[in-house]
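To keep things clear, I will list the structure first and then write my remarks on it.
Counting starts at 1 for both ligands and their atoms, in listed order. Numbering starts at 1 and runs along the sequence shown.
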Amino acid sequence: MTRGKFITLEGMDGAGKSTHLEWLPAFIEARGVKVVQTREPGGTPVGEKLREMLLDKSQGLHADTEALLMFAARREHIAKVIEPALRRGTWVLCDRFTDATFAYQSAGSGLAWERIEALERWVHGELQPDLTLYFDVSSEVGKARTSAVREPDRFEREGRSFFDRVREGYLRRAREHPLRMCVINGAQRLEVVRQHVESIVLSHCF
Ligand code: TMP
């Protein structure tokens, strides 16, 4: 049995991930593979409970607590959903993964990069995405898009300078992992972004 491919989508809030998650699973399945679509934080019953706590805007959390809860949810997600699917040959399409913890909890909230690296090694050292699609937009574009469509969650309420740092964090990860992480200009027209995503997925995964 050929192992499935693990694809993650990343980007700051408003970068366009959700829009592209609407068509991408069918695009991959049309090529004859099964796809499981999932998300972080979340993806398991425990993970979804942790997600509620993490996004709850009525309570602030220490950056350490946030990072540890993200990795607790992730451990569960890998053990119960991601690894079993990949082993049965199913592809996993995951809305955010560890790059988000580097971008948000380290670059955004100031936790040491090395701390997240240590948690990453502990929780999933051997497992890395085969491909990460990083939708890059400026904080202005991200903010304008999120405030136009929904009530902000705890992270989305952060200011522009937080999101400037989040973007820098993602770009640093992309420089550190150039083969896995593809930077896509998410500010372009939807069809242009879609064509770029299609060509990356076809060339990296098939
Ligand atoms: P979503 O709105 O894309 O579902 O993501 C939920 C929020 O959680 C988003 O604002 C980013 C944040 N987040 C982190 O801060 N660290 C992480 O590791 C992950 C996976 C998400």
Between Glu48 and Arg39, does at least one N-O distance fall below 4.0 Å, as a salt bridge requires? yes
Salt-bridge contact Asp136-Arg167 (side-chain N to carboxylate O under 4.0 Å): yes
Sorted by chain and residue number, the residues with a non-hydrogen atom under 4.0 Å of ligand 1 are Asp13, Lys17, Glu40, Pro41, Arg51, Leu55, Met70, Arg74, Arg96, Ala100, Thr101, Tyr104, Gln105, Phe155
Pair listing, side-chain hydrogen bond (donor to acceptor under 3.5 Å, both in side chains) test, anchored in residues 142-152, at least two apart: Arg150-Glu156
For His124, the ring pair (Phe, Tyr, Trp, His ring centres under 6.0 Å) test, sequence neighbours excluded, returns Phe97
Strictly by salt bridge (charged side-chain N to carboxylate O under 4.0 Å, His left out), give each pair with a member in residues 184-206 just once, sequence neighbours left out.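 Salt bridge (charged side-chain N to carboxylate O under 4.0 Å, His left out) check on residues 184-206 returns Arg189-Glu191, Arg194-Glu198.
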Side-chain donor/acceptor of Arg154 to backbone N/O of Gly60, under 3.5 Å: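 Judged by distance alone, no pair lies under 3.5 Å.
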